[in-house]
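As the structure lists them, so they are numbered: ligands from 1, and atoms in each ligand from 1.
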Amino acid sequence: MAFESILYFLHKMAPLVPLQEQEIKLLRTPNRVLTAELTVSGRKYPAYRVQFNNARGPYKGGIRYHPDVDEDEVKSLGFWMTIKTAVLDVPFGGAKGGIAVDPKMLSPTELEELSRAYVQAFYHYLGPYQDIPAPDVYTTPQIMAWMLDEYEKITKTKAPAMITGKPLEQGGSKVRDIATALGGFYVLLEATQKRHLPAKTVAIQGLGNAGMNMAKLLHGQGFVIQALSDSQGGVYGKNGLDPRQAEESKKTGSVVGYGEQSSAAPKSDCRVITNEELLELPVDILVPAALSGVITKENAGNIKAKIVLELANGPTTPEADEILYQRNILVIPDILANAGGVTVSYFEWLQNLRQESWSEEEVRKQLRQKMITAFDRLWQEYAENNKENKFDLRTVAYIHALKRILEAERKHGRL
Ligand code: NAD
């Protein structure tokens, strides 16, 4: 998402919140943009940390390793984290970091060196009560472990709460590995109950961490997973697909091979489909869990699902959003649906600060409570507004978040 679209978006939200010019200015301005050039094996890599807003708590946001990373993208993602933590009401602000690098081109030693160099460049601005990074695209628990180690070496402290998404052995939290899907799952169950929708059939686009775990959770709950896909295409089975079999197929290539290997579903029951077809299947629930911008004004009119659960970031374009709303399709927006990850990151931070280690059962219970509380609060307002056909759930979520951030800014005396 380009930062320009955030400026456009804030002006669009202005009459709805409502926002004064001075408030827009504050919301669109990052508190701090840090840049550095990191050198590993004689090559230079641009690195960024954008601390967008900390009105509601310490900065929080992942670090991305990707060749396309630039300041504009990191700024946008920092804004978006500020919104997400406010929607969930976790006591953090928003930040994001990144290095413009293709990590697949680095040896493990170079990857470690680069990760440590990132902390050497920015450690002064990081810390349990300042700014708490986490994994993002192509960054892993191991990378978090190196970063923590470097931070503790430089500052001569023990400070596990300065970073989340760590390995369990270093103070990571249970459930973190499936937190995004599990958070979305809790919200989906609540939504189907609130809407009294007899939702049963599901199509999921994307079989990575988010999509695969969601498939397993829904399958375990008795939903019928009729379609699954990955980057090479998808598979459809009217009578249901078994996610574990899909996982096996992926190990040897793609889910497209499901029919050939599956003992759970004979080949005749399955057919190969494209990712585009998957989106338009006559299922009750559609879960985009891969790319952004896949539901567009071109295909929104053909979506047949009653509920779209956005596990991916930004899968629905603004034009498509409008079409889905007019067609009475419930979109559970990304800023709520995929916030389970940051919520369990918050629990990890809390456990580290309190020197506790919660059981899996405890983390699940707390996550469920946090997700459902956020959903119910938004739902109440959505139901009110919906009588007058005013706002969709996404708009309601943004209004809530922006109000919360501004209220905190006022209390700080910055407004
Ligand atoms: P991942 O890298 O683990 O998996 C991505 C999946 O998408 C893979 O199965 C890949 O085959 C599939 N894919 C790639 N290109 C595709 C295409 N053209 N069509 C269909 N499928 C395609 O990623 P992830 O962590 O599961 O993240 C998926 C989405 O969820 C992203 O938008 C991400 O930003 C969002 N998200 C993830 C988390 C998390 O904790 N994992 C948290 C918040 C948001």
message = Taking the six-membered ring for Trp, are Tyr123 and Tyr151 closer than 6.0 Å centroid to centroid?
response = no

note = Hits for salt bridge (charged side-chain N to carboxylate O under 4.0 Å, His left out) against Lys365, two or more places apart or cross-chain, chain-then-number order -> Glu362

ask   = Are Arg394 and Asp392 within salt-bridge range, i.e. N to O under 4.0 Å?
value = no

Do any side-chain atoms of residues 171-189 form donor-acceptor pairs under 3.5 angstrom with protein atoms, and if so which ones, sequence neighbours left out?
{"residue": "Ser173", "atom": "OG", "partner": "Gln351", "partner atom": "NE2", "Å": "3.1"}
{"residue": "Lys174", "atom": "NZ", "partner": "Trp358", "partner atom": "O", "Å": "3.4"}

query = What residues sit with at least one heavy atom under 4.0 Å from ligand 1?
reply = Thr180, Gln205, Gly206, Leu207, Gly208, Asn209, Ala210, Asp230, Ser231, Lys250, Asn275, Ala289, Ala290, Leu291, Leu311, Ala312, Asn313, Asn338

Identify every side-chain donor-acceptor pair in residues 372-381 under 3.5 Å, counting partners at least two apart or on other chains, and give the distances.
{"residue": "Thr373", "atom": "OG1", "partner": "Gln369", "partner atom": "O", "Å": "2.6"}
{"residue": "Asp376", "atom": "OD1", "partner": "Lys194", "partner atom": "NZ", "Å": "2.8"}
{"residue": "Glu381", "atom": "OE1", "partner": "His400", "partner atom": "NE2", "Å": "3.4"}

inquiry  = Please tell me whether Tyr125 and Tyr59 form a close aromatic pair, meaning their ring centres lie under 6.0 Å apart.
reply    = no

